[in-house]
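Written below as structure tokens is the structure these notes are about.
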Number of protein chains: 2
Amino acid sequence: MKGPEAGRVSIKAVAAASGVSPATVSKVLSGRAEYPVRTETAERVRQVARELGYVPDVAARNLRTRQTGQLGVVLEAVGPSEPDNLLGEPEASRAVSRTFDGAIMAGLSGAARELDVPALVVYPGGQQLARTYLDGRVDGLLVSCDPLRGHDLLERLSGTALPVVALWSEQVPPGMGAADVDHAGGAAQAVNHLLELGHTRIAFYGGGQASGVEHFQRREAGYRGALAAAGLTALPPLHDGTALVEAVRRGTVTAVFAETDLGAAAAFQALSGAGLSVPQDVSLIGFDDIQGAEYIAGGLSTVYHPAAEMAAEGVRLLLEQLAGHPPRQVLLPTRLVLRDSTGPNPGGD
Amino acid sequence: MKGPEAGRVSIKAVAAASGVSPATVSKVLSGRAEYPVRTETAERVRQVARELGYVPDVAARNLRTRQTGQLGVVLEAVGPSEPDNLLGEPEASRAVSRTFDGAIMAGLSGAARELDVPALVVYPGGQQLARTYLDGRVDGLLVSCDPLRGHDLLERLSGTALPVVALWSEQVPPGMGAADVDHAGGAAQAVNHLLELGHTRIAFYGGGQASGVEHFQRREAGYRGALAAAGLTALPPLHDGTALVEAVRRGTVTAVFAETDLGAAAAFQALSGAGLSVPQDVSLIGFDDIQGAEYIAGGLSTVYHPAAEMAAEGVRLLLEQLAGHPPRQVLLPTRLVLRDSTGPNPGGD
DNA sequence: CTGTTAGCGCATTCAG
DNA sequence: CTGAATGCGCTAACAG
């Protein structure tokens, strides 16, 4: 039984118990080949260490080696107690990140595990505090950017010696890595899908207040780009349910690309409230593939948002930087998820 | 300009620059009253520290003080790369935690910020690895319990000197704190709401495979308890859409309490596919208040699941334990969220 | 009130 | 191949 004393076994105790010096124990347990130790001795030391329940003290190790192996994480959405935003940030922005914080953590954890990062240090201050990330707690920092405010932190960090990778950000100060989702590309996938179904009158549903959110702007840009590439022009964006219903009734639009799945849900609610059906009267496609998307609009066609993959990529990028490579910027590809809310264009065009 | 050299300013440099000894600097910057320092001196030291951009080295501090102020976190859902479960864990279990990991992190972060916890250390190994949490990285550990596997880890941890608080767990080994959601109470709130609307034939929708999940069992128990308290007997549980539709058509049930919001979404889909409407033909209430619940079933009445609050409470409990208080177990109250999927019982009874 | 001394536990020299 | 000596940066004890 190792017992509660396990934490108190130091390298010195192991050394004494196995009849070697602390230095030798350290060499053995470091596992590194550049320290030649007789196999026999090494074996015995390892055995004794195991028996004694030796656990290396990371504080001492960190102090000595001047690094931790740990990566820092700044999450953007830090909970209900976060002070209200002074900039009048649209609610949509926060909702997006709240939706994906779980996925972010999952992606980070998965990558960390695979790449042998012993721990992730989450700074609870979010991006509010100008606190220091340079206190030696971590070797590098992942910043999950607020679409509206993230850049401040990045700017402040850009002068420091701390390697940084931005998540959810395409543009970063020089010297930083970045991983983001290809919002424009995803929007184009959605629009192309509708085009292939024969639709030509395709509207964008969303925008309005939330247009301050860069991701959504890129989605709209992707939508416009895909239409332009097909020789079509974008219709005026639909900002609410009544405008949508009206446009569908008039036959002005036969398909709708919603900014988000939640937007698609709202659109569907307006539509079905007006007696219009999906996809018979109008095709509907969203963006995000949120949990429960299969229950929206009788099974929502949408674009998968690779938040977890992006986070995992961020870990890889940061580790790359720590290994001395120059920072890179990466855009993660989305993927169509087709369910039942999109169908062929019934009309002539 | 502090510049990239900020991290290299040690307490010794500050001492030299302000003409005092390192110890005095330490005393000043510790801010603790038990070390009396002349206000004048203190002022000067602080000033110099600021000018030099001094940042305390946590590794050194941790080594010296034998504590970190940091709290460890073991999240259960650790992403897509998690090795498949050998126990045949129902998908539902994972879905629940994935849904709430974002909320958990938000709650932890918020509480950590308010209570001046400098950082949360997330162990990426999840509950898979038997890795050590005793390496001095953290002063205490929060374990977000897998409904099925969490207890193993808790057992293994219960012999150690590390203070532990379990999240999402009612029963814990002696000596541990715990915070959980009051699933049974929440279910009772839902059922009581239906009873107040005049329903007496109230069915539980869910169970089936997922019945291995303790939380869901407690929800069902709460449902039964509330009915029993009203002098009613529970109906046979409905495990799928067809059973549900049939029961409603027969008039056997007039109201349904679904195990989860996602379950409610599935129920609604089956119902509306069969031409039945909510709440006219049958009232429907869920559990969780997931994002998008307002779009389920035309606005789902449900029970708010205080995951973030539970996590925040966990931080408080752990800090309490670290301060020497005995561990406590806390159940977080749920709250009804009424929307449009529940209505009065139209029938005679 | 302030300075001096002594280590926290480990990883790295450099001798042997 | 192994061991003795050194110090990472800080803070707790004690001496002034």
Side-chain angles (χ1 to χ4, degrees), chain A residues 5-46 48-49 52-70 118 132 134-137 139, chain B residues 5-46 48-49 52-70 118 132 134-137 139:
Chain A
E5 296 302 314
R8 308 216 61 78
V9 179
S10 86
I11 207 171
K12 219 180 290 179
V14 177
S18 43
V20 296
S21 78
T24 304
V25 175
S26 173
K27 286 167 190 164
V28 170
L29 297 176
S30 83
R32 289 193 287 164
E34 64 246 50
Y35 293 133
V37 177
R38 201 195 309 164
T39 325
E40 201 181 295
T41 317
E43 212 52 72
R44 182 159 37 93
V45 168
R46 263 189 284 270
V48 170
L52 260 43
Y54 169 72
V55 176
D57 185 296
V58 297
R61 198 215 291 289
N62 292 349
L63 176 57
R64 182 64 237 237
T65 63
R66 306 278 61 212
Q67 49 174 2
T68 65
Q70 297 177 158
T132 172
L134 302 167
D135 55 10
R137 237 178 268 271
D139 295 347
Chain B
E5 295 303 313
R8 308 215 61 75
V9 178
S10 86
I11 206 171
K12 219 180 292 180
V14 177
S18 43
V20 296
S21 80
T24 303
V25 175
S26 173
K27 286 167 192 165
V28 171
L29 298 176
S30 83
R32 286 193 287 164
E34 65 247 47
Y35 291 132
V37 177
R38 200 195 310 164
T39 324
E40 199 181 296
T41 317
E43 212 52 73
R44 181 158 37 93
V45 168
R46 263 189 283 270
V48 170
L52 261 44
Y54 169 71
V55 177
D57 185 298
V58 296
R61 198 214 295 284
N62 292 349
L63 176 58
R64 181 63 238 230
T65 62
R66 305 279 62 209
Q67 49 174 3
T68 65
Q70 297 177 159
T132 173
L134 302 166
D135 55 9
R137 238 179 267 271
D139 294 347

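FYI, side chains are in, hydrogens and waters are out, and symmetry mates aren't considered; it's all heavy atoms of this structure. Lettering of chains follows the sequences in order, A, B, ..., and the numbering in each one begins at 1.
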Atom pairs under 3.5 Å, N or O on each side, protein against nucleotides 13-16 of chain C: can you list them with distances?
none

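- Between A:Ser30 and B:Thr39, the one whose closest nucleotide on DNA chain C sits nearer the 5' end is B:Thr39.
- Here the shortest heavy-atom pairing between A:Val14 and A:Ser18 reads O-OG, 2.5 Å.
- For the pair B:Val28 and B:Val37, the tightest heavy-atom approach, listed with the atom from each and the gap, is CG2-CG1, 3.7 Å.
- Side-chain N/O atoms of B:Arg61 include none lying less than 4.0 angstrom from OP1 or OP2 on D:dG9.
- Look at CD on A:Glu40: it is 12 Å from C1' on D:dC1, rounded to the nearest Å.
- Using a 4.5 Å heavy-atom threshold, the side chains of A:Val25 and A:Tyr54 count as separate.
- Contact annotation: A:Arg66 does not reach the phosphate of D:dG7 (side-chain N/O to OP1 or OP2, under 4.0 Å).
- Formation of a donor-acceptor pair under 3.5 Å by the A:Arg137 side chain with backbone atoms of B:Val58 is not found in this model.
- For the pair A:Glu34 CD and C:dA11 C1', the interatomic distance rounds to 11 Å; values are reported in whole Å.
- Out of C:dC10, D:dG9, D:dC1, the shortest distance to the side chain of B:Asp57 is found at D:dG9.
- Atom CG in A:Asn62 sits roughly 11 Å away from atom C1' in C:dG9 (whole-Å rounding).
- Between A:Glu43 atom CD and D:dC1 atom C1' there is a gap of 17 Å when expressed in whole angstrom units.
- With hydrogens and angles disregarded, a donor-acceptor distance shorter than 3.5 Å links the side chain of A:Ser10 to the backbone of A:Lys12.
- Between the CG atom of A:Asp135 and the C1' atom of D:dG9 there is a distance of 13 Å, rounded to whole Å.
- The interatomic distance linking A:Lys12 (NZ) with D:dA4 (P) rounds to 12 Å, in whole Å.
- Side-chain proximity of B:Val20 to D:dC10, D:dT11, C:dG3: nearest is C:dG3.
- Rounded to whole Å, the distance from CG on B:Leu63 to C1' on D:dG7 is 12 Å.
- Between A:Asp57 and B:Arg66 there is a salt bridge, since at least one side-chain N of the basic residue sits less than 4.0 Å from a carboxylate O of the acidic one.
- Summarising the geometry of B:Asn62 relative to B:Thr68, their closest heavy-atom pair is OD1-CA, 3.5 Å, with the distance given to 0.1 Å.
- A close approach under 4.0 Å does occur between a side-chain nitrogen or oxygen of A:Arg38 and OP1 or OP2 of D:dT2.
- Across the protein-nucleic acid pair, B:Arg64 atom CZ and D:dA13 atom P stand 8 Å apart, rounded to whole Å.
- At the phosphate of C:dT2, OP1 or OP2 sits under 4.0 Å from a side-chain N or O atom of B:Thr41.
- Counting only heavy atoms from C-beta on, B:Arg32 has its side chain closest to D:dA12 among D:dA4, D:dT11, D:dA12.
- When distances run from any side-chain atom of B:Val37 to the nucleotides D:dA4, C:dT2, D:dC10, the shortest one goes to C:dT2.
- The shortest non-hydrogen separation linking B:Ala15 to B:Pro22 is CB-N, 3.5 Å.
- Ranked by how close their nearest DNA chain D nucleotide is to the 5' end, B:Ile11 and A:Pro22 are led by A:Pro22.
- Contact annotation: A:Thr24 side-chain N/O to D:dG3 OP1/OP2 distance is under 4.0 Å.
- Within 4.0 Å (heavy atoms only), A:Thr65 reaches sugar-phosphate atoms of the nucleic acid but no base atom.
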